[in-house]
2 protein chains.
Amino acid sequence: MIPEEFKLDNQLCFRLYTASRLLTQAYHPLLSEQGITYPQYLVLLVLWEKDAQPVNDIAKRLHLETNTVTPLLQRMEKEGILTRKKGETDARQMIVSLTKKGSGLRRKLADVPSTVGSAVICDSVTPDTAHDLFRMLDDIIKTLSEKQ
Amino acid sequence: MIPEEFKLDNQLCFRLYTASRLLTQAYHPLLSEQGITYPQYLVLLVLWEKDAQPVNDIAKRLHLETNTVTPLLQRMEKEGILTRKKGETDARQMIVSLTKKGSGLRRKLADVPSTVGSAVICDSVTPDTAHDLFRMLDDIIKTLSEKQ
DNA sequence: TTTGTTTATATCGTTCACGATGCAAATATA
DNA sequence: TATATTTGCATCGTGAACGATATAAACAAA
């Protein structure tokens with residue numbers, strides 16, 4: 001017999017991993033329509049909030065390393081969604097700014113949050129109870145990101 | 001001003017994605033010590049529960065497609081962790097079985113669940129409240145996996 | 001000023017994920 | 001029994017993630 005803690009059903013990480021993948025898949029048809037991926041959508045969310053940010057700020061906001069974000073941004077630059085140019089005050093920085101196409105995607109993707117949101121609503125997760133879930137996930141993220 | 005639902009902070013998927021990645025990173029030092037990755041650890045959990053399963057059963061258990069699982073298993077076979085051989089009743093199937101090394105890893109990874117578990121404990125997620133989180137995640141997974 | 005250290009970004013290699021496609025074995029239908 | 005369809009797995013291409021490493025600019029110390 002296997003010890004309880006070795007059972008897949010007992011693993012938090014597996015649930016997070018699966019829920020994350022499945023929910024990302026729910027975004028896919030909506031995003032691919034505009035030729036972008038989910039991580040690219042996250043970059044857009046960050047830049048829609050505040051345009052013209054250095055790579056590092058974007059990476060920090062997404063809890064990603066620059067070696068993940070840099071190629072992501074390069075692909076998005078190639079698609080004409082954003083531009084990357086050297087910082088004027090600090091020449092090490094690369095300032096990432098939205099192009100017309102990039103900021104225009106905000107309107108074209110306007111329905112994404114509500115469309116995906118309604119797909120996740122189930123017995124235990126409704127707009128009401130989502131708050132509890134958010135709090136727990138934020139706490140996990142905070143605890144783990146402080147360990148690095 | 002940006003509509004509320006477009007703010008990164010309001011996105012469930014981003015939280016799941018981040019929490020999943022950070023928690024997987026917490027597994028990394030423990031798993032790499034034995035030369036395996038987190039998805040490979042998941043395969044081991046499945047096979048420790050029940051040895052000698054076809055590729056399809058493993059994929060279904062992990063909510064992954066076979067085109068993800070097949071290369072994963074091939075790498076694990078090359079590492080001598082498992083074997084893959086054609087099914088006797090159904091020649092299309094590939095039956096995956098643990099080697100001595102593969103089942104031996106169970107003892108060597110015995111401390112992983114408790115070690116990682118204690119790293120996630122924070123104010124809002126304790127062994128007590130984890131149950132609520134599990135229920136919500138299971139519900140999300142169930143809802144989304146039924147949509148395919 | 002020279003040297004050393006930190007910081008910001010980039011490059012490389014490996015391993016997932018996953019859509020699209022291919023193929024052979026099994027099964028259903030004609 | 002032929003033919004068509006489904007099933008199980010594999011291959012391919014692309015885009016993440018991420019550890020390790022590199023490079024140049026900024027900054028600190030000698």
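The chains referred to below are lettered A, B, ... by the order of the sequence lines, with proteins before strands, and numbering in each begins at 1.
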Once you round it to whole Å, what is the distance between C1' of dG22(C) and CZ of Arg92(B)?
16 Å
Met76(B) reachable from Ile95(B) in the ILVMFWY side-chain graph, under 4.5 Å edges:
no
Nearest-Å distance for atom pair CD1/C1', residues Ile36(B) and dC18(D):
17 Å
Counting only side-chain heavy atoms from C-beta out, which of dT11(D), dA10(C), dG8(D) sits nearest to Thr70(A)?
dA10(C)
Take the angle between the ring planes of Phe6(B) and Trp48(A) and call it parallel below 30°, perpendicular above 60°, tilted in between.
perpendicular
Is any side-chain heavy atom of Ile81(B) closer than 4.5 Å to a side-chain heavy atom of Leu44(B)?
yes
In a check of side-chain contact (heavy atoms from CB on, under 4.5 Å) between Lys60(B) and each of Leu62(B), Asn56(B), Asp57(B), Leu64(B), which one passes?
Asn56(B)
With side chains defined as the heavy atoms from C-beta onward, is the minimum distance between Met94(A) and Lys86(A) less than 4.5 Å?
yes
Any donor-acceptor N/O pair, Arg15(A) side chain to Asp9(A) backbone, under 3.5 Å
yes
Regarding the side chain of Val55(A), the nearest nucleotide among dA25(D), dA10(D), dT9(C) is dT9(C)
dC9(D), OP1 or OP2 - any side-chain N/O from Arg84(B) closer than 4.0 Å?
no
Report, as a single string ordered 5' to 3', how protein heavy atoms within less than 4.0 Å touch nucleotides 13-18 of chain C: B base, S sugar-phosphate only, - not at all.
--SSBB
When rounded to the nearest 0.5 angstrom, what distance separates NE2 in His28(A) from CD in Glu33(A)?
11.0 Å
Just N and O in the side chain of Gln93(A): are any of them under 4.0 Å from OP1 or OP2 of dA26(D)?
no
With respect to the side chain of His28(B), which nucleotide from dA8(C), dA25(C), dG19(D) is positioned closest?
dG19(D)
Per the side-chain hydrogen bond (donor to acceptor under 3.5 Å, both in side chains) rule, which among Thr143(A), Asp139(A), Asp132(A) passes with Ser124(B)?
Asp139(A)
Of all of residues 43-54 of chain B, which get a heavy atom below 4.0 angstrom from DNA chain C, listed by number?
none
